[in-house]
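Quick notes on the structure that follows.
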Amino acid sequence: MEYVSALLPPVVMAVFFTALIVVIVKSQGGPNKAKEDAAVDAALARAEGARRQDGTPAP
């Protein structure tokens with residue numbers, strides 16, 4: 001029975017890791033993608049506006 005107790009933690013971690021990857025992949029795109037893209041675009045626009053007010057040259 002020692003092999004069961006030795007293999008259980010890695011197997012449980014592998015199952016949870018696989019489930020996490022599946023959730024991440026399934027959450028990509030879909031109806032929230034436009035909302036997420038809009039939020040990122042707004043944040044980039046604010047950063048660009050702040051950079052221009054500071055007079056910092058473009059990278």
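Starting from 1, each residue takes its place in the sequence as its number. Bear in mind the structure is a predicted one, so any value in this text is a computation, not a measurement.
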Practice problem: Please test Val22 against Lys26 for side chain to side chain contact (heavy atoms under 4.5 Å, CB included), starting from the C-alpha separation and ending with a verdict. | Solution: CA-CA 6 Å; Val22 168; Lys26 284 188 176 183; 3.9 Å; yes
Practice problem: Indicate the atoms forming the closest heavy-atom contact of Pro10 with Leu7, along with that distance. | Solution: CD-O, 3.2 Å
Quiz item: Do Phe16 and Leu8 belong to the same hydrophobic cluster, where Ile, Leu, Val, Met, Phe, Trp and Tyr are linked whenever their side-chain heavy atoms lie under 4.5 Å apart, directly or via other members?
Solution: yes
Exercise. Calculate, to the nearest 0.5 Å, the distance between atoms CZ and CG belonging to Arg46 and Asp41 respectively.
Key: 11.0 Å
